[in-house]
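Here the structure comes first, spelled out in structure tokens, and everything after it is commentary.
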Amino acid sequence: MKIDKIHKKFELMLKKIDKNLSLLFCEEDSLELELADVLEHLIIDSSKQYLEHSICVRFFWIDNREVNACVTKIEDIYCIGLFTGITTSLIEHIKTFYQNGLGDLEGIELPSKNLYLDVLNDESKQGKLGNYIFTLAFFYLAMHEYGHILCGHCDKNMSTSLFFEDDKNTKGCYDAQAKEYMADFYGIANSLSLMLCSCLTNLPDIGIITTLYITAVHSIFWIFNDGYIPLEKCNCNVMTHPHPMVRMGYFFQLIEIELQHSLEIFEKHKMLKIKIDNAAEHIVGAVIEDFINVISRGDMNFAIYDLLNEKCDHEIKKISESAKEIKEYYRETALIDYI
């Protein structure tokens, strides 16, 4: 079968980068198989809406405890590789996280059963919230990799080598980080819009869902941040990805832009009346305040000062400047133009 051929080519590509990397064989009814199936359908359905045709995408699990992900194109199939370390680290993080305050979030309804995976085996409200945050985190992660595809990064000499090679001409610098910024732009635009516009009819729900969404994406950055040195001491210009605190910094900016876009759509909804000026700014501000209040409890340590310092702003500016140049290079091959 063709997929078996793609599987072998993808694994061979990984082994050329690191001989210890191999693809995981997923057993039936496994969490990995269920996640791959759900995420594949999300991207395929999304591509049908935004493109003239659906794209062919397959998720593979890389049997490695590292927290990482990659995407490349093999023949006509976009192959997204998720490291198993993401799942184990994320579950461990959320088990700690939801035990330290998530029970204080009231009135939460699950907007879509398709975005809910039971991984914590906990029927309490906190357990259900933890499961929902886990699923949203992977939803965002999938849409981020989908963002690389939409930006054309897989169609112009872009492959898994960017993520793993030690060659400084390939790895690092702000060009590589700019690609991540662009993928985040599409990841957030696709995942948050789909969340908000598919199920909500009033402002309180927007605030609640955004709180959970920010919590979920923060969880991804949190586990990626494990082992990173503080931003102030980090030499950011040789990294393939922005420092997690820098990514959190522009993440909040992108959230506010996307919320404003969603609210403009909601203003046309006859069942929703928005009377507050700058509603998106108010919602994001309240969500971030709630979010920080929760993560400041217990033994959780979050580098909030890294997020707020001047170096973070400087790094965001550098990445943004590179993104303006990168988007021109990929404009001809990108499936959707970067706006």
Side-chain angles (χ1 to χ4, degrees), residues 1-3 6-7 10 26 28-61 69-82 86-87 109-119 131-155 182-201 205-206 209-210 212-213 216-217 220 254-255 258-259 261-262 264-266 268-269 333-339:
M1 294 178 64
K2 183 175 181 178
I3 194 60
I6 298 298
H7 184 284
F10 190 27
C26 300
E28 291 187 15
D29 301 323
S30 65
L31 171 62
E32 289 80 11
L33 202 61
E34 185 179 5
L35 261 174
D37 183 64
V38 169
L39 298 178
E40 283 172 13
H41 280 89
L42 282 170
I43 290 181
I44 291 172
D45 290 344
S46 177
S47 66
K48 288 179 181 177
Q49 295 180 35
Y50 291 101
L51 308 173
E52 294 181 356
H53 57 84
S54 63
I55 63 173
C56 188
V57 60
R58 291 301 298 263
F59 277 81
F60 297 92
W61 287 93
C70 59
V71 59
T72 189
K73 189 177 184 182
I74 301 177
E75 296 183 12
D76 61 341
I77 297 178
Y78 293 98
C79 301
I80 297 176
L82 301 176
I86 298 177
T87 304
E109 301 291 338
L110 303 183
S112 173
K113 292 182 179 180
N114 294 328
L115 297 178
Y116 182 83
L117 294 170
D118 188 2
V119 297
N131 284 328
Y132 189 54
I133 288 170
F134 174 89
T135 311
L136 278 184
F138 267 97
F139 182 30
Y140 162 76
L141 186 62
M143 288 300 176
H144 169 86
E145 300 303 329
Y146 179 42
H148 281 301
I149 297 172
L150 293 178
C151 290
H153 297 167
C154 300
D155 297 275
M182 295 165 73
D184 274 343
F185 176 91
Y186 277 113
I188 291 170
N190 280 293
S191 54
L192 184 57
S193 289
L194 185 58
M195 281 293 303
L196 296 180
C197 296
S198 64
C199 57
L200 303 178
T201 57
D205 282 347
I206 295 176
I209 295 301
T210 307
L212 290 180
Y213 181 83
V217 179
I220 288 289
L254 294 177
I255 283 286
E258 188 53 37
L259 263 178
H261 173 68
S262 297
E264 290 173 358
I265 296 175
F266 281 125
K268 301 177 182 179
H269 197 294
T333 57
L335 297 176
I336 294 182
D337 192 16
Y338 174 68
I339 300 175

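Here the structure is a predicted model, which is why all the values come from computation and not from measurement.
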Beyond-backbone contact of [X] with [Y], side-chain heavy atoms, under 4.5 angstrom:
| X | Y | result |
| --- | --- | --- |
| Phe185 | Cys151 | no |
| Ile80 | Leu39 | no |
| Leu42 | Val38 | yes |
| Phe59 | Ile43 | yes |

Q. If only atom types and distance count, is the side chain of Trp61 paired as donor or acceptor with the main-chain N or O of Cys26 below 3.5 Å?
A.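 Such a contact is absent between Trp61 side chain and Cys26 backbone.
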
Q. Does Asp37 offer a backbone N or O that forms a donor-acceptor pair with the side chain of His41 under 3.5 Å?
A.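 Such a contact is found between His41 side chain and Asp37 backbone.
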
**Q.** Heavy-atom pair of closest approach, residues Cys70 and Glu145
**A.**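 Answer, listing the atom of Cys70 first, then Glu145: C-OE1, 3.8 Å.
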
Spatial distance of atom [atom1] ([X]) from atom [atom2] ([Y]) [nearest 0.5 Å]:
| X | Y | atom1 | atom2 | value |
| --- | --- | --- | --- | --- |
| Ile149 | Thr72 | CD1 | OG1 | 10.0 Å |
| Glu258 | Leu192 | CD | CG | 5.5 Å |
| Leu136 | Leu212 | CG | CG | 6.5 Å |
| Ile44 | Tyr146 | CD1 | OH | 10.0 Å |
| Asp184 | Leu254 | CG | CG | 7.0 Å |
| Ile74 | His7 | CD1 | NE2 | 10.5 Å |

Q) Excluding sequence neighbours, so at least two apart, what forms salt bridge (Lys or Arg N to Asp or Glu O under 4.0 Å) with Glu34? A)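 With sequence neighbours excluded, Glu34 shows a salt bridge (Lys or Arg N to Asp or Glu O under 4.0 Å) to no residue whatsoever.
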
Q) salt bridge (Lys or Arg N to Asp or Glu O under 4.0 Å) with Asp76: which residues, sequence neighbours excluded? A)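 Partners of Asp76 by the salt bridge (Lys or Arg N to Asp or Glu O under 4.0 Å) criterion, ordered by chain and then number, come out as Lys2.
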
Q. Do Ser191 and Tyr213 meet the criterion of a side-chain donor-acceptor pair at a distance under 3.5 Å?
A.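 The answer is yes; a qualifying pair exists.
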
Q | Residues which pass ring pair (Phe, Tyr, Trp, His ring centres under 6.0 Å) with Phe134, listed by chain and number, not counting sequence neighbours | A |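 Partners of Phe134 under the ring pair (Phe, Tyr, Trp, His ring centres under 6.0 Å) test: Phe138.
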
